[in-house]
Amino acid sequence: MTRHLLPRSPAVTPAELAEQALTRARHPVARLVSLAEDGRSGASAIYDEAMAVLEADAERRNHTARVIGVTGSPGSGKSSLLSRVANAMVAADPDLTVAVVAVDPSSPSSGGALLGDRTRMVVDTAQNRIYFRSQASATALGGLAPTTFQVCRALSLIFKCVIVETVGVGQSEADVRHLADRVFLVVAPLSGDEIQYLKAGIIEVPDAFVVNKSDEPAATRTYHQLRGSLWLARPSDAHDIPIYRTSAKTGRGIDELARDFLTIVTAENATPVRERAPHFFTAWVRDEWGRVGARHLAEQLGGARAFLATQNGFASARRSFDASIRAALHG
Ligand SMILES: Nc1nc2c(ncn2[C@@H]2O[C@H](COP(=O)(O)OP(=O)(O)OP(=O)(O)O)[C@@H](O)[C@H]2O)c(=O)[nH]1
Ligand SMILES: [Mg+2]
C-alpha cells in the first residue's frame, strides 16, 4: 500500500548502486536498505548483485564492522541516547562511520520504508558519517525480522559500526544476541523493581546495562536495584558487568559510553556479519514455512549453515529454498 509513495529510483545498475552506497550518501544507502527489506524476487536479485559488489569491495579494503545491540523498554531513551553517542563517537574518531537501525515494534510492517525519515536523531549530513534508519518489526513481540539481519549485513559492508536498537519486550533480546558483538540494555528510572528484572529473564542477556535519564532523581535507586538484581541473577559475573549512568538530556555519561563503544569497534577478531546468517535464515524459514519448513531445512538440506554455503547470497538462498520445498511438497 505504501509502495507507490516511495521516491522513484533512477535507473542505476546494481554495481552503480553499490558504488554510490559506498560514499554513504543518504539516498543510495536508503535504497539499498529498502531492497534488503523487500521480499519480492526482483528486488532480491538486485540486492544480491549489489551485495556481491559490496562484499568484494569490503574484502579489498579489509573492511570489518562491529554490530552493537541496544535494547530496552519503550521510551527509555534509546534513540536519544544513541543520537548523542553516535555523534560523540564520530567526533572522537575521525575515521569512524556509524549506522543505527532502530526496530520499531509499534509500526505496521508496511510502513517500514517510510519510517526512514522519522527520526529524533541529529544527523551529520555533511560527511555522511552517521546514518539512521527506522525499521518496522515484523512481530508483535518486537522480535527482529529476518530482514533486520539483511539490513545489518548491507550496512556492515559500508559502515564501521552498526548499532541495532530494539525494544526489549521479549524475543528481541534473544534475537539481538545472535546479531550483535555486544548487547547493552537501557533502563529508565522507575522502570520496575528487582523482582521484575529477574522475572523477565532479560537480565541474563546483556553484556552491559545503561541507566538512562540519570537527570531524574529516581535514577540512583534504579541503579542500586539493578546492581542488586545482578548480584542475585548473575553471581559469577556480576562483578564484571558495567552499569553506565547516562542522561541524553544533560549529556552525563555520554562520553564514557561512546568511548566504550569505540573500544568494541576497534577490538580485534570481529565475527563477520555474514557468519551470523544461519540463525536468521532459519528464522526466515520458520516465518515463511513454519515447522514443515524447519524440518525440510534440517533434514533435506543439511541445516541452514550447510545450505547457505551452497548458495550465492541470502536472497537467492530464499528462492532456492522456496523451489526446493515446493518440489518436495508437490512433486
Ligand atoms: N529526562 C530525560 N528524558 C529523556 C532522556 N533520554 C530520552 N528522554 C526522553 O524520553 C522520551 C523517549 O525517548 P526516545 O529516545 O524516543 O526513547 P526510545 O527508547 O528510543 O523509545 P522507543 O524507540 O519508542 O522505544 C523522549 O521524550 C525523550 O526526550 C534523558 O536522559 N533524560
Ligand atoms: Mg527509539
Side-chain angles (χ1 to χ4, degrees), residues 66-82 84-86 88-89 100 102-103 105 141-144 161 163-267 269 271 276 279:
R66 291 302 176 132
V67 181
I68 297 174
V70 175
T71 182
S73 43
S76 52
K78 300 176 294 296
S79 297
S80 313
L81 189 64
L82 289 176
R84 292 193 75 139
V85 168
M89 287 169 79
V100 181
V103 181
L141 279 180
L144 301 188
C161 176
I163 304 176
V164 186
E165 174 193 326
T166 65
V167 170
V169 283
Q171 190 52 40
S172 55
E173 287 92 359
D175 281 352
V176 80
R177 180 79 280 176
H178 289 282
L179 186 58
D181 293 284
R182 285 276 190 291
V183 178
F184 289 69
L185 180 74
V186 179
V187 299
L190 298 176
S191 61
D193 59 16
E194 278 185 37
I195 300 305
Q196 274 170 322
Y197 284 127
L198 289 173
K199 253 203 291 195
I202 57 173
I203 202 165
E204 312 290 338
V205 172
D207 300 294
F209 293 80
V210 180
V211 177
N212 189 43
K213 305 196 184 182
S214 284
D215 52 282
E216 292 181 4
T220 307
R221 205 186 66 201
T222 302
Y223 171 83
H224 291 294
Q225 280 181 338
L226 185 55
R227 256 296 161 229
S229 300
L230 273 174
W231 282 116
L232 290 173
R234 299 168 63 166
S236 58
D237 67 349
H239 244 310
D240 306 322
I241 300 171
I243 304 180
Y244 298 86
R245 301 162 89 164
T246 61
S247 168
K249 194 171 162 189
T250 67
R252 175 182 175 181
I254 300 292
D255 285 343
E256 190 194 354
L257 191 56
R259 198 185 55 225
D260 287 4
F261 274 26
L262 279 173
T263 310
I264 296 168
V265 175
T266 52
N269 301 326
T271 304
R276 307 180 194 275
H279 171 79

Before you tell me yes or no, could you show the steps for Val186 and Ser76 under side-chain contact (heavy atoms from CB on, under 4.5 Å), namely the whole-Å CA-CA distance, both residues' side-chain angles and the distance that decides it to 0.1 Å? CA-CA 7 Å; Val186 179; Ser76 52; 3.8 Å; yes
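- Between atom CZ of residue Arg84 and atom CG of residue Asn212 there is a gap of 10.0 Å, rounded to the nearest 0.5 Å.
- The closest donor-acceptor contact from the side chain of Lys78 to the backbone of Gly72 lies under 3.5 Å.
- Identified under the side chain to side chain donor-acceptor pair (under 3.5 Å) test for residues 256-265, with sequence neighbours left out: Tyr244-Asp260.
- Residue Ile254 holds its CD1 atom at 5.0 Å from CG of Leu81, rounded to the nearest 0.5 Å.
- Considering every non-hydrogen atom in both Ala88 and Ala258, the closest pair reads CB-CB, 3.7 Å.
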side-chain contact (heavy atoms from CB on, under 4.5 Å) between Arg252 and Arg245: does it pass, once the steps are laid out? CA-CA 7 Å; Arg252 175 182 175 181; Arg245 301 162 89 164; 3.8 Å; yes
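- Qualifying ring-ring contact (aromatic ring centres under 6.0 Å, His included) partners for Phe209, counting only residues two or more places apart in sequence or in other chains: none.
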Run Arg227 and Ile243 through side-chain contact (heavy atoms from CB on, under 4.5 Å) and show every step you take. CA-CA 8 Å; Arg227 256 296 161 229; Ile243 304 180; 3.8 Å; yes
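- Rounding to the nearest 0.5 Å gives a distance of 6.0 Å between CG of Leu82 and CZ of Phe261.
- If you take CZ on Arg66 and CD1 on Ile264, they are separated by 8.5 Å, rounding to the nearest 0.5 Å.
- Rounding to the nearest 0.5 Å places CG of Leu185 at 7.5 Å from CG of Leu226.
- With respect to the salt-bridge test (charged N to carboxylate O, under 4.0 angstrom), the residues Arg234 and Asp240 do not qualify.
- Considering CG of Leu230 and NE2 of His239, their distance stands at 12.0 Å, rounded to 0.5 Å.
- A side-chain N or O of Thr166 and one of Thr71 form a donor-acceptor pair less than 3.5 Å apart.
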I'd like to know whether Thr222 forms a side-chain contact (heavy atoms from CB on, under 4.5 Å) with Glu216, so could you lay out the CA-CA distance, the side-chain angles of the two residues, the decisive distance to 0.1 Å, and finally the verdict. CA-CA 10 Å; Thr222 302; Glu216 292 181 4; over 6 Å; no
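- With Asp181 contributing its side chain and Ile68 its backbone, the two residues share no donor-acceptor pair below 3.5 Å.
- Of the charged side-chain nitrogens involved, at least one lies within less than 4.0 Å of a carboxylate oxygen, so that Asp207 and Arg177 count as a salt-bridged pair.
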